[in-house]
Amino acid sequence: MRLVLDRASWYLGAIRLVLESRNILSSPELRRLRQAQLRGSHTEITVRGRRIVFEPSFPPNRCGMTLAGENGFILGPRAFASREDLARTVLQELFRLDHGEAGSAVDKQRALRRTRAAQRFTERAYSLGRITRLL
C-alpha cells in the first residue's frame, strides 16, 4: 500500500510541475525572453511569481541555474538549443525550487546526488508530459 501511495504522490507532484512548466513555456513573457535570447540581451521576466532570467554570458556548458531565495532561475543560451532542451531545463529548475535545493550549503557529493535526482525526475516527468500531451 505504501508503494502505491508513494507512486501516486510522485505522479501528482510531477503533473503539478509539468503543468507549471507548460504555463511558463506557453506564456507571453517567455516569448519576450526568447526574443531577448535571439538578440543576445540580458532580460528578466516573472511568470506566475517565478523570476526567470536570460543571461547571454551564462557558461556554455550549462543550461540553467536555480536562483537561491529568489523563487526563480537563470536560463543560458544552451537552454534554448531546442524546444525539448528548454522544456527539460524549466522542469529541472522547477523541481529544484520545489524541493528546497536552492541556496543550501552542501558538500560536493551531496550536490552531485541532488543534481542526479533532479535529472532523473526531469527525464521521467518530461516523458509523462509528452505521454499526456501536457508538454
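Quick caveat, the model's predicted, so the values are computed rather than measured.
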> Rounded to the nearest 0.5 Å, how far does NE2 of His99 lie from CG of Leu17?
Replying inline: 7.5 Å
> Asp85: what forms a side chain to side chain contact (heavy atoms under 4.5 Å, CB included) with it, not counting sequence neighbours?
Replying inline: Ala81, Ser82
>> Checking the side chain of Arg78 only, and the main-chain atoms of Asn61 only, is there a donor and an acceptor separated by less than 3.5 Å?
In response: yes
>> If you define the side chain from C-beta out and look only at heavy atoms, does anything of Glu93 sit under 4.5 Å from Leu67?
In response: no
>> Checking Phe54 now: which residues fulfil ring pair (Phe, Tyr, Trp, His ring centres under 6.0 Å) with it, not counting sequence neighbours?
In response: Phe80
> At their closest point, which heavy atom of Ile52 faces which heavy atom of Val47, and how far apart are they?
Replying inline: CD1-CG2, 4.3 Å
> What is the distance from atom CG of Leu75 to atom OG1 of Thr89, rounded to the nearest 0.5 Å?
Replying inline: 6.5 Å
> salt bridge (charged side-chain N to carboxylate O under 4.0 Å, His left out) with Arg16: which residues, sequence neighbours excluded?
Replying inline: Asp98
>> Return the OG to CD1 distance between Ser21 and Ile15, rounded to the nearest 0.5 Å.
In response: 11.5 Å
>> Run the side chain to side chain contact (heavy atoms under 4.5 Å, CB included) test against Arg48 and tell me which residues pass, sequence neighbours left out.
In response: Asn23
> Tell me, do Val18 and Tyr126 make a side-chain contact under 4.5 Å, heavy atoms counted?
Replying inline: no
> If every non-hydrogen atom of Phe58 is compared with every non-hydrogen atom of Cys63, which pair is closest and at what distance?
Replying inline: CE2-C, 4.0 Å
>> Is there a side-chain contact between Gln119 and Gln92 in this structure, where contact means two heavy atoms from C-beta onward sitting under 4.5 Å apart?
In response: yes
>> Suppose we screen for side chain to side chain contact (heavy atoms under 4.5 Å, CB included). Which residues come up paired with Arg113, at least two apart in sequence or across chains?
In response: Gln109, Arg110
>> My understanding is that only residues two or more places apart in sequence, or in another chain, count here; which of them pass side-chain hydrogen bond (donor to acceptor under 3.5 Å, both in side chains) with Asn71?
In response: Arg50
> Can you tell me how far CZ of Arg22 sits from CG of Leu91, rounded to the nearest 0.5 angstrom?
Replying inline: 12.0 Å
>> By the salt bridge (Lys or Arg N to Asp or Glu O under 4.0 Å) test, which pairs, at least two apart or in different chains, include something from residues 23-41?
In response: none
> Ser57: what forms a side chain to side chain contact (heavy atoms under 4.5 Å, CB included) with it, not counting sequence neighbours?
Replying inline: Glu55
>> Under the rule for side-chain hydrogen bond (donor to acceptor under 3.5 Å, both in side chains), what residues qualify as partners of Glu123, not counting sequence neighbours?
In response: Arg88
> What closest approach, in Å, do Pro56 and Gly40 show between heavy atoms, and which atom pair accounts for it?
Replying inline: CG-O, 3.3 Å
> Between CG of Leu33 and OG1 of Thr43, what distance do you get to the nearest 0.5 Å?
Replying inline: 6.0 Å
> Which distance, rounded to the nearest 0.5 Å, do you find between the CZ of Arg124 and the OH of Tyr11?
Replying inline: 5.5 Å
> Which heavy atom of Leu25 sits nearest a heavy atom of Leu86, and at what distance?
Replying inline: CD2-CG, 3.7 Å
>> With clusters defined by side-chain heavy atoms of hydrophobic residues (ILVMFWY) lying less than 4.5 Å apart, directly or transitively, does Leu19 cluster with Phe73?
In response: yes
